[in-house]
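Inspection log for the structure reproduced underneath, given as structure tokens.
Excluded from the calculations below are hydrogen atoms, water molecules and symmetry mates; all remaining heavy atoms, backbone and side chain alike, are included.
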Amino acid sequence: VVQEAMNLDFVLTQGSQAEKAAALQRLAQYAGVEPDSIASQADAPQVSPEVAQLQQAFRALVGHLRGEDDFELAARGLE
């Protein structure tokens, strides 16, 4: 097993693109991972721009509120 891991490391760091692809395919088969499942996960839906914008606005609002809270605590010496 150790020798196989060392060979895999060598191929993934020094091999050609074709050798690397073949090594990864063998590794996936050894691990019981179907190559098609990897591709389908890459095609999974991404967060919509609207949701991303709302998340960013929410984080900014929370940061602003925390900043005010921190300022109020510091002003009262309760930091």
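- Although no hydrogens or angles enter the test, the distance criterion places a donor-acceptor pair under 3.5 Å between the side chain of E19 and the main chain of S16.
- Note: Q14 CD to D9 CG = 8.5 Å, rounded to the nearest 0.5 Å.
- With values rounded to the nearest 0.5 angstrom, Q55 atom CD is found 11.5 Å from E50 atom CD.
- Under the 4.5 Å side-chain heavy-atom criterion for grouping Ile, Leu, Val, Met, Phe, Trp and Tyr, L24 is not connected to V11 through any hydrophobic cluster.
- Here N7 pairs with Q3 under the side-chain hydrogen bond (donor to acceptor under 3.5 Å, both in side chains) rule; sequence neighbours left out.
- For Q53, the CD atom is loosely surrounded, since the number of other residues' heavy atoms within 6.0 Å does not exceed 12.
- Take Q17 and apply the side-chain hydrogen bond (donor to acceptor under 3.5 Å, both in side chains) test, not counting sequence neighbours, and it matches no residue.
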